[in-house]
Amino acid sequence: MTQSSVLNVPQREAVLHLESPCLVLAGAGSGKTRVITHKIAHLIDTGAYTASQIAALTFTNKAAKEMQERCAQLLSTKPTRGLTVCTFHALGMAILRAEAVHAGLKPRFSILDADDAYAIIQDLCATTDRGLVRALQSQISLWKNARVSVAQAESSAATEEEASAARIYRSYAATLLAYQSVDFDDLIGRPAELFVEQPEVLYRWQSRLRYVLVDEVQDTNASQYHLFRLLVGPRAAFTAVGDDDQAIYAWRGATVDNLRRIQEDYPTLRVVKLEQNYRSSGRILAAANALIAHNPKLFEKKLWSEHGPGDPLVIQAMPNEEQEAESVAIQISAHRFERQARFADYAVLYRGNHQARVLEQAFRKEKIPYVVSGGQSFFERVEIKDVCAWLRLIANQDDDPAFVRAITTPKRGVGAATLETLGQYAASRGVSLFEAACESGLGLKLESRRLEPVLEFTRFINRMEWRATREPAGELLDELLRAVGFEASIYDGHDARTAQGKWQNILDFAAWMKQKAEADSKNLLEMTQSVALLSMLESRDGETDAVRLSTLHAAKGLEFPHVFLVGVEEGLLPHGGAAGDDAPVLAERIEEERRLMYVGITRAQRSLHICWCQKRKRGREFESREPSRFLSELALEKAPFAVAEQVSPQARLAGLKALLNKPRAPSP
DNA sequence: GCACTTTATGTTTTT
DNA sequence: CATAAAGTGC
């Protein structure tokens, strides 16, 4: 992008418009982040708002981080203290934490991730059928996102299947309450409920956050839109930014319909379209436009650009995924060498996380530095979750899942049988596992040999809780790790190499917690609550020069000079899950897949490579594949595209590769 | 009863 | 290939 201070006409209009609510329809690469950051600056400049009265809500942590950075850049000379830039979920957590008492929760409630929720549901329906549990989990989540209450779900159940799903929904909600826990969806739903039930709480937040900016509105679900509507209230001082062509979260309950509703709900809404693309060269943009033209439009947009045509697109058919990965790696090496570019100028985008594996292998082989974004987050690693279970339990003794996980990892002689007895006793007394473990009555149920490790465990947790509010988070965490004996248990259970990796992860985690705790002056208990939501992104220095491997979903909002789109095949993109069901649903799913492809294409600034595999390993057997229908929708005939079919670039690049692998300047 | 070893099994995307 | 359920040794 050019000087960030310069705005084009519609951008300026969007920034300056304050008289009524504002909806910005921002095409890909049209500078929407620039509009949001400049609008924040403008709000502060006019004197109408202080930074602490402004909230900018994003959808992902990555977007929030990006927004924070851009704001910090632009607002460096302005008072930005108290400016809220975070995800919907982070705001929900802040509200729920501050108002916990009003919501019938203790302030130290736990936040469950998807795995915890899965385990609870599995428990409730007492089945080993993974598909069933997943289906139930997703149904409950969709109900919550669509603001369907337990009662509504029960009464609207038409089949016995639905009725039993609704029953699980009810007991799931009850279980969470017993654990004093909320899931991700509750972080949106519960604050909204609270606002409806207790208007005075709502007024407090409405007067605190007087101007709201929302990014990616097309990805909000009914529940988020509801929370948003409550928050902005009748004053409706807000700017929403979105693009219906980039809606890729319908599977999670998001509905583009919110873009239409927002016009109905706010008749004075000013709609501004950003149609000038600053990102991509002509051919890339033409392909993107041709593709998305196959989707029905909510808003008519015509994206245009002042850039020249740029490089031809390259479309390659590869024999299989190994060769595809290899080819991409080699091409990046060569391309980077020819253009004198940085590794960080390249991104490889794909549909599913599992595709990263082959790519990683190829990149390691070719000695190309890379970072994988999306996929399993740092906090989802088992060893980190083990540590977090201890922290969660120290913060919230009602958190039974944390209790079970902590008391069994590392192994301390408490197993399934002991827990079974403890669980029955707790159920009969109507208390949490931890509380049951502290009661003297337990002694009658467990022989002292089984009881003693349990008692020692509870004593330790109590001691840590007492100290957690008084001592610095970092040191206490170090001591926790030592006292619990994580390191030994990790080295015990794994071979030296993986153990070292796992232990390093824990050390990184501890260092991150320490640094974050000091920066925000929080104690260990307060830190614990943010962990479920925060991502390590903020501590990772964006300065390392590495190729980015990313899912298409995780790539949204980012841009790269050179993009490789891999696995563009029928069954993968569009994904095979879209097949089989009824026709209207099918059409919508294909449209969403098309938008996903559109998002991928529009990440590219200067060059775009698209690959597909003729054969792909599925399970143990190879399965032959067809090129994606989207390839034929790119209007290739309209521009001089280079279409390279089944050409292995290895031979051409052999010379370059040898050159690249030569040792560099002699080291001292 | 507990922990460790084997064996079936199965894959979208994220807060 | 990584995870999670069933099976085996202590």
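The model shown is predicted, which means the values in this text are computed figures rather than measured ones. Letters A, B, ... are given to chains in the order of the sequence lines, protein chains preceding strands, and every chain is numbered from 1.
- Q246(A) has its CD atom 15 Å from the C1' atom of dT13(B), to the nearest Å.
- Using a 4.0 Å cut-off between a side-chain N of Lys or Arg and a carboxylate O of Asp or Glu, D115(A) and K385(A) qualify as a salt bridge.
- Using a 5.5 Å limit on the distance between ring centres and a 30° limit on the angle between planes, the aromatic ring of Y249(A) does not count as stacked on the six-membered base ring of dT14(B).
- In this structure, Y118(A) atom OH and dT14(B) atom P are separated by 19 Å, rounded to whole Å.
- When rounded to the nearest whole Å, the span between CG of L187(A) and C1' of dT14(B) equals 14 Å.
- Spacing between atom CD of E383(A) and atom P of dA2(C) amounts to 13 Å, rounded to whole angstrom units.
- Side-chain contact annotation: N320(A) with E324(A), donor-acceptor N/O pair under 3.5 Å absent.
- Here R134(A) does not reach the OP1 or OP2 of dG10(B): none of its side-chain N or O atoms lies under 4.0 Å away.
- Per the geometry, CZ belonging to R595(A) stands 18 Å off P belonging to dT13(B), to the nearest Å.
- Using a cutoff of 4.0 Å between basic side-chain nitrogens and carboxylate oxygens, D116(A) and R392(A) are scored as salt-bridged.
- One interatomic measurement links the two molecules: CG of L572(A) to C1' of dT13(B), which rounds to 12 Å at whole-angstrom precision.
- Note on Q122(A): only backbone sugar-phosphate atoms sit closer than 4.0 angstrom, heavy atoms only; bases stay farther off.
- For the pair L558(A) CG and dT14(B) P, the computed distance is 13 Å after rounding to whole Å.
- Salt bridge E321(A)/K615(A): absent, no basic N to carboxylate O contact under 4.0 Å.
- Nearest-nucleotide mapping onto DNA chain B: of I248(A) and T418(A), the residue sitting toward the 5' end is T418(A).
- Here the separation of dA4(C) from dT13(B), taken at their P atoms, is 16 Å to the nearest Å.
- Between the CG atom of L419(A) and the P atom of dC2(B) there is a distance of 8 Å, given to the nearest Å.
- If you check dT15(B), dC1(C), dT14(B) against the side chain of R357(A), the one that comes closest is dC1(C).
- Side-chain nitrogen and oxygen atoms of N353(A) include none within less than 4.0 Å of the OP1 or OP2 phosphate oxygen of dT11(B).
- Taking the centre and axis of the six-membered ring of Y598(A), the NZ or CZ atom of R595(A) falls outside the cone set by 45° and 6.0 Å.
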